[in-house]
Asker: 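Handing you a structure now.
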Amino acid sequence: EPLFRSHMILINVKSIEVKNNQKLGDLDGLAGIQNVTGDIAIEDLPEITFDGLSHLTTVNGNFRIEDLETTSLLPLAGLTRVGGALAIMSVDQLTSLEGLGDITEVGSIDVRSNDNLVSFSGGLGAVATITGQGAFSGKYYVVVYSNEALTTTDSFPMNGITVDDHVLIRSNPVLCGSANLLMNSFWSGVGADTIVIRSNGNSCPS
């Protein structure tokens, strides 16, 4: 049986932290929440689904999703803005970011160590503004790091990058087209200050 049930309706809350609950199966008790004025952290929940956050539209702070076994972000399809860092880390069953396709503004993006993430298809393609809030190491506005199965950067939100931004794309072993990244449509309209593309494609055919 799910461990977290409630009929409480909460339209706005300051923050949400749900961590290290090994048998928690859902977040249905949070189903009324639409706006979070601070941060959300959903971490180390091997059986969780995001159905309880299907009404969420805005997060003014950071939204951290880490160490989950969920296969889908589709319940987050109503989310349009994350004011701080949107971090998706060690969610090893995800194959795409489908469900994040309506987000138009983020502070920063950190996608790392997702072992089965093949592409960004269906997610983040609508991002038009990246403000730099919550940037990794206080510097990198966009991080794509150590995603073992990532083969393409198509659909990634480069239109939001501006002249002061820093981008890090590193250690994605089967990102085999990385040598051509600076020459293709991936960078259409980009004016990033610092772009680091390093150690990708190490497992690609020679």
Asker: Evaluate the side chain to side chain contact (heavy atoms under 4.5 Å, CB included) criterion for residues Asp115 and Glu148: first the C-alpha distance (whole Å), next the side-chain angles of each, then the deciding distance (0.1 Å), finally the verdict.
Answerer: CA-CA 5 Å; Asp115 286 351; Glu148 294 291 320; 3.5 Å; yes
Asker: Look at the side chain of Asn62 and the backbone N and O of Gly84, then say whether any donor-acceptor pair between them is shorter than 3.5 Å.
Answerer: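 Here the side-chain-to-backbone pair does not exist.
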Asker: When clusters are formed by joining ILVMFWY residues with side-chain heavy atoms under 4.5 Å apart, either directly or through shared neighbours, do Leu24 and Ile16 land in the same one?
Answerer: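 Yes, because Leu24 and Ile16 connect within a single hydrophobic cluster, where side-chain heavy atoms sit under 4.5 Å apart.
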Asker: Take the angle between the ring planes of Phe50 and Phe63 and call it parallel below 30°, perpendicular above 60°, tilted in between.
Answerer: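 It falls in the perpendicular class, over 60°.
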Asker: Using side-chain heavy atoms (C-beta onward) and a distance below 4.5 Å, is Leu53 in contact with Leu27?
Answerer: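 SC-SC contact between Leu53 and Leu27 confirmed.
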Asker: Hey, is the main chain of Gly32 close enough, under 3.5 Å, to the side chain of His55 for a donor-acceptor pair?
Answerer: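 No, the answer is negative, given that no donor and acceptor are paired below the 3.5 Å cut-off.
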Asker: Please report the interatomic distance CG(Asp26) to CD(Glu47), rounded to the nearest 0.5 Å.
Answerer: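 The CD atom of Glu47 is 10.5 Å from CG of Asp26, to the nearest 0.5 Å.
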Asker: Let me know which of Ile88, Val111, Val174 forms a side-chain contact (heavy atoms from CB on, under 4.5 Å) with Asn147.
Answerer: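 Output: one option passes, namely Val111.
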Asker: Does the side chain of Asn60 reach to within under 4.5 Å of the side chain of Arg81, using non-hydrogen atoms?
Answerer: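 SC-SC contact between Asn60 and Arg81 confirmed.
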Asker: Would the distance check show the side chain of Asn116 and the main-chain N or O of Asp92 forming a donor-acceptor pair, the cut-off being under 3.5 Å?
Answerer: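 Pair found, side chain donor or acceptor close to backbone of Asp92.
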Asker: Just wondering, do Tyr141 and Val106 contact through their side chains at under 4.5 Å, heavy atoms?
Answerer: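 Sidechains of Tyr141 and Val106: no contact.
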Asker: Out of curiosity, Arg198 CZ to Ser171 OG, how far, rounded to the nearest 0.5 Å?
Answerer: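 Here the rounded value is 8.0 Å.
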Asker: Do Leu76 and Ile65 have side-chain heavy atoms sitting under 4.5 Å apart?
Answerer: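 The answer is yes, as the side chains (C-beta and beyond) meet within the 4.5 Å cut-off.
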Asker: Between Asn200 (side chain) and Asn172 (backbone), is there a donor-acceptor pair under 3.5 Å?
Answerer: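 Yes, Asn200 side chain to Asn172 backbone: donor-acceptor pair under 3.5 Å.
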Asker: With rounding to the nearest 0.5 Å, note down the distance linking CD in Glu43 to CD in Glu17.
Answerer: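 Between atom CD of Glu43 and atom CD of Glu17 there are 7.0 Å.
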Asker: Hey, quick one: are Leu100 and Leu74 part of the same hydrophobic cluster, counting side-chain heavy atoms closer than 4.5 Å, chains of contacts allowed?
Answerer: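 No.
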Asker: Minimum heavy-atom separation for Gln93 and Thr70, please, with both atom names.
Answerer: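 Closest heavy-atom pair between Gln93 and Thr70: CB-O, 3.5 Å.
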Asker: Atom CD in Gln34, atom CD1 in Ile11: separation rounded to 0.5 Å?
Answerer: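 So the CD of Gln34 and the CD1 of Ile11 are separated by 4.5 Å.
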Asker: So, taking the atom named CG in Leu117 and the one named OG in Ser146, what distance separates them when rounded to the nearest 0.5 Å?
Answerer: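 Between atom CG of Leu117 and atom OG of Ser146 there are 11.5 Å.
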Asker: Taking the side chain as every heavy atom from C-beta outward, state whether Asp67 and Ser90 have any pair of such atoms under 4.5 Å apart.
Answerer: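 Yes, at least one pair of side-chain atoms sits under 4.5 Å.
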Asker: If hydrophobic clusters are built from ILVMFWY residues whose side chains come within less than 4.5 Å, do Val18 and Leu73 share one?
Answerer: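 Yes, because Val18 and Leu73 connect within a single hydrophobic cluster, where side-chain heavy atoms sit under 4.5 Å apart.
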Asker: What are the two closest non-hydrogen atoms of Gln133 and Gly83, and how far apart are they?
Answerer: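 Result for this residue pair: CB-O, 3.2 Å.
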Asker: Between Pro46 and Gln22, is there a side-chain heavy-atom distance shorter than 4.5 Å?
Answerer: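 Counting from C-beta outward, Gln22 and Pro46 do come under 4.5 Å.
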Asker: Counting only N and O atoms by type, is there a donor-acceptor contact under 3.5 Å from the side chain of Asn114 to the main-chain atoms of Val91?
Answerer: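 Between the backbone of Val91 and the side chain of Asn114 there is a qualifying donor-acceptor contact (under 3.5 Å).
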Asker: Using a 4.5 Å cut-off on heavy atoms from C-beta on, say whether the side chain of Arg112 contacts that of Val143.
Answerer: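 With C-beta onward as the side chain, the pair touches.
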Asker: Could you tell me the separation between the OG atom of Ser199 and the CG atom of Leu175, rounded to the nearest 0.5 Å?
Answerer: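 Here the rounded value is 12.0 Å.
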Asker: Are any side-chain N or O atoms of Thr58 and backbone N or O atoms of Asn35, one a donor and one an acceptor, separated by less than 3.5 Å?
Answerer: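 Checked: no pair found.
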Asker: List the atom of Lys139, the atom of His166, and the distance in Å for their closest heavy-atom pair.
Answerer: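 Looking at all heavy atoms of both residues, the closest pair is O-CB, 3.2 Å.
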Asker: Which heavy atom of Gly134 sits nearest a heavy atom of Ala85, and at what distance?
Answerer: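 Heavy atoms only, the tightest pair is O-CB, 3.4 Å.
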Asker: Please name the pair of heavy atoms, one in Met89 and one in Asp110, separated by the smallest distance, quoted to 0.1 Å.
Answerer: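 Here Met89 and Asp110 meet closest at CG-O, 4.3 Å.
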Asker: Find out whether Glu105 and Thr131 are in side-chain contact, i.e. whether some heavy atom of one side chain is under 4.5 Å from a heavy atom of the other.
Answerer: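 Touching, per the 4.5 Å side-chain cut-off.
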Asker: Give me the one residue out of Ile109, Leu86, Leu97, Thr80 that meets side-chain contact (heavy atoms from CB on, under 4.5 Å) with Ile103.
Answerer: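 Single pass found, and it is Leu86.
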Asker: Of the non-hydrogen atoms in Ile42 and Leu68, which two are nearest, and what is the gap between them?
Answerer: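 For Ile42 versus Leu68, the nearest heavy atoms are O-CD2, 4.0 Å.
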